[in-house]
Colleague: 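One structure is given below, represented as C-alpha cells, and several questions about it will come after.
It should be emphasised that the depicted structure is a prediction, and the values quoted were computed from it without experimental measurement. Below, chains carry the letters A, B, ... as their sequence lines are ordered, and counting in each starts from 1.
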There are 2 protein chains.
Amino acid sequence: MLHAEPIEGIAIITREVQTVPRRRVSAEQIALDVVTLIGSRGFQPGDRLREQELADRFNVSRGPVREALRILEARSIVHLEPMRGATITRLKDDEVLDAVAAAGALFGLVCRLACERRTNIDIAKIAEKISQLETLCDEYSSPRQFFTQTLRIGRSIGQAARSPRLMRMVEDTRFGAPDYFGPLGFTSEKLRQEALRNWKAIQTAITERDATVADDLGRKVHDNALAAALLAVA
Amino acid sequence: MLHAEPIEGIAIITREVQTVPRRRVSAEQIALDVVTLIGSRGFQPGDRLREQELADRFNVSRGPVREALRILEARSIVHLEPMRGATITRLKDDEVLDAVAAAGALFGLVCRLACERRTNIDIAKIAEKISQLETLCDEYSSPRQFFTQTLRIGRSIGQAARSPRLMRMVEDTRFGAPDYFGPLGFTSEKLRQEALRNWKAIQTAITERDATVADDLGRKVHDNALAAALLAVA
DNA sequence: GTCTACCATATTGTTGACAATATTGTTTTC
DNA sequence: GAAAACAATATTGTCAACAATATGGTAGAC
C-alpha cells in the first residue's frame with residue numbers, strides 16, 4: 001500500500017447546499033476535521049481512533065464523535081468493528097484498483113449525462129477551468145496545483161450533469177483511494193500534457209453531446225491517473 | 001414518484017462476514033429493522049422519523065437510534081437535516097433514473113471484473129442460479145420470485161468478481177430506487193423471458209471471459225428492468 | 001379577516017455517568 | 001522459561017437528563 005502526498009481539495013459533501021446556511025452540526029464538523037487530519041498526515045491509515053481521544057481533541061463529548069465515526073465509516077474512511085472501535089481504513093492494493101475503476105465508471109456516467117443536460121453556460125465554465133489547467137502544464141508547475149485544478153474541472157462537469165448525488169458517489173469513491181488520486185499521477189510535464197489532452201477531449205465531447213466518447217474518456221482519465229501513479233511509485 | 005411493491009431481498013451489508021459472529025450492535029439492528037419496516041410499507045417515503053418514537057418502538061434510548069439514522073443516511077435511505085430530523089428519502093423521478101444508471105454502470109464493472117477473476121466454481125454457481133431462474137419464467141410464476149432470483153444471480157456474479165466493496169456499492173445504489181428494482185419489471189412472461197436471455201448472455205460472457213460484452217450486458221439488465229418498470233406504470 | 005409577535009410544546013443536539021466488553025499486565029502453575 | 005488463569009485497566013455501548021432549536025398555536029394590532 002502506497003502513501004505519498006497529503007490529500008487536498010476533496011471535501012465531504014454531506015448534504016445539499018442550503019439556501020439559508022444552517023449551523024453545522026458538530027458530528028459533521030468533526031468528520032471533516034478528522035479527514036483534514038488524515039490529509040495532513042496527522043493520522044495514518046491503520047491508526048486506531050479512540051472516541052475519548054477525539055472527544056478531548058475537539059472539545060466535545062463522545063456522542064458527536066461516535067456519529068462522526070459513522071459518517072466516516074459510510075465513506076469507507078474508517079472501519080468500525082463492534083466493541084473494538086474505529087481504525088483508519090487501509091485498503092489493499094487490489095481494493096484500490098477496484099475503487100479507481102468504480103470511480104471511473106461513475107465519472108464516465110457523469111460525463112455522459114453532462115452531454116445530455118449541459119447548457120452553454122456549463123460549457124463556458126468547463127472551458128474556463130480547462131484553460132486554467134493549460135497554464136499549469138509546463139515543467140515549472142506543481143503536480144499539486146495541477147491535480148487540484150482537475151478536481152475543479154470534474155466538479156464543473158458534475159454540475160453540468162445536474163446530479164449532485166452521482167457526483168457525491170464519485171468523490172466518495174475516490175476518497176477510498178486517496179493516494180492514487182493525489183498529484184502522484186502528474187509529476188512530469190509529459191503526464192500533465194497527456195491529462196490536459198484528455199480533459200480537452202472530454203470538453204469537446206460534451207460540447208458536441210457525444211455521450212459515448214465522453215463516457216469512455218471519463219473513465220480514461222481515471223485509468224491514466226492510476227497508471228501514472230503506479231509508475232511513479234514503481 | 002412511484003410506489004408499488006414492498007422491497008425484499010435487499011439487505012444492508014454493514015460489514016464483512018466475521019469468522020466469529022459478534023453480538024450485533026443495536027444501531028445496526030435498528031437500521032435493519034427500519035429498512036424492513038419500509039419494505040413492508042410500515043413506513044412510507046416522505047415519512048418523518050422521530051428519534052424518541054423509534055427509541056420507544058425498539059426499546060432503546062435515542063443514542064443508538066441516532067447512529068442508526070446515520071447509517072441509513074449513508075445509504076440514502078433517509079435524509080437528515082440539522083435540527084429538523086430524519087425523513088425517509090423520496091427521490092425525484094430524474095434522481096431515480098440517475099440511480100438506476102449508476103447501479104448499471106457499477107454492475108457492468110462487476111461483470112467485467114468477474115470475467116477476469118472467476119473460477120470454474122463461480123461459473124457453476126452462477127449457472128445453477130440461472131437455471132433456477134429458468135423455472136420461474138413461465139406465465140404462472142410470480143414476478144416477485146423472479147426478481148428475488150435475479151438478485152441472487154447478481155450476488156453470485158459479485159462473488160466471482162471478488163469485490164464485496166463494489167457489490168455493496170451496487171446494492172446501496174439500487175436501494176435508492178427500490179420501486180424500480182422490485183418485481184415491477186417482470187410482470188409478464190415476455191419480460192421474464194427477455195431478462196432470462198440477458199442473464200444467460202452474461203453467463204456466457206463471463207464464462208468466455210469477454211469483459212466488454214459482460215460490461216455492456218450488466219448495464220443492459222438494469223436499463224431493461226427500468227424501461228419495463230416504467231412501462232408497467234405508464 | 002390577516003398579519004405579526006409571542007409563548008408553549010415538541011424535537012433534536014449534547015453531555016456525563018454507568019454498564020458491558022475487550023485489552024493488557026501479572027501472577028500462578030507446570 | 002512458557003502457558004494458562006486471573007486481575008486491573010482501557011475502551012466501547014447505552015442511558016437519562018439537560019440545553020438549544022424548531023414547530024405550532026394563540027392573542028393582539030391593524
Colleague: Please list every donor-acceptor pair under 3.5 Å in which a side-chain atom of residues 100-115 of chain B meets a protein atom from a residue at least two apart or in another chain.
Modeller:
from: B:R112; atom 1: NE; to: B:D215; atom 2: OD2; distance (Å): 3.0
from: B:R112; atom 1: NH2; to: B:D215; atom 2: OD2; distance (Å): 3.2

Colleague: Provide, to the nearest angstrom, the distance between the CD atom belonging to A:E81 and the C1' atom belonging to D:dG13.
Modeller: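 Spelled out: CD on A:E81 to C1' on D:dG13 is 15 Å.
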
Colleague: Tell me the interatomic distance from A:E28, atom CD, to C:dT12, atom P, rounded to whole angstroms.
Modeller: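 After rounding, the gap between these two atoms is 15 Å.
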
Colleague: Report all interatomic pairs (protein N or O, nucleotide N or O of nucleotides 6-11 of chain D) with separations under 3.5 Å.
Modeller:
from: D:dT11; atom 1: OP1; to: A:R50; atom 2: NE; distance (Å): 2.7
from: D:dT11; atom 1: O3'; to: A:R48; atom 2: NH2; distance (Å): 3.3

Colleague: What pairs with A:R117 under salt bridge (charged side-chain N to carboxylate O under 4.0 Å, His left out), at least two apart in sequence or on another chain?
Modeller: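 A:R117 satisfies salt bridge (charged side-chain N to carboxylate O under 4.0 Å, His left out) with B:D98 only.
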
Colleague: Nearest-Å distance, CD (A:E67) to P (D:dG13)?
Modeller: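 To the nearest whole Å, that distance equals 14 Å.
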
Colleague: Side-chain N or O of A:S26 less than 4.0 angstrom from OP1 or OP2 on C:dG13?
Modeller: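 No, no such contact exists.
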
Colleague: Roughly, in whole Å, what's the span from CG in B:L80 to C1' in C:dT12?
Modeller: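 It works out to 11 Å between those atoms.
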
Colleague: Looking only at side chains, do A:T119 and A:D122 share a donor and an acceptor under 3.5 Å apart?
Modeller: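 On atom types as modelled, these side chains qualify, holding a pair under 3.5 Å.
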
Colleague: May I have the distance from A:E73 (atom CD) to D:dG13 (atom P), rounded to whole angstrom?
Modeller: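 In whole Å, D:dG13 P lies 11 Å from A:E73 CD.
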
Colleague: Tell me, do B:L97 and B:D93 make a side-chain contact under 4.5 Å, heavy atoms counted?
Modeller: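 No, too far: nothing below the 4.5 Å cut-off.
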
Colleague: Calculate the interatomic distance between A:R62 atom CZ and C:dA17 atom P; express it in whole Å.
Modeller: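 Distance, rounded to whole Å: 12 Å.
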
Colleague: Take atom CZ of B:R66 and atom C1' of D:dG13, then tell me their distance rounded to the nearest Å.
Modeller: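 After rounding, the reported distance stands at 16 Å.
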
Colleague: Below 4.5 Å, heavy atoms only, C-beta onward: do B:R168 and B:E171 meet side chain to side chain?
Modeller: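 No; the side chains remain at least 4.5 Å from each other.
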
Colleague: Less than 4.5 Å apart, side chain to side chain, heavy atoms only: is that true for B:E53 and B:R48?
Modeller: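 No - every pair of side-chain heavy atoms lies 4.5 Å or more apart.
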
Colleague: Separation of B:Q52 atom CD from D:dT14 atom C1', in whole Å?
Modeller: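 Answer to the nearest Å: 14 Å.
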
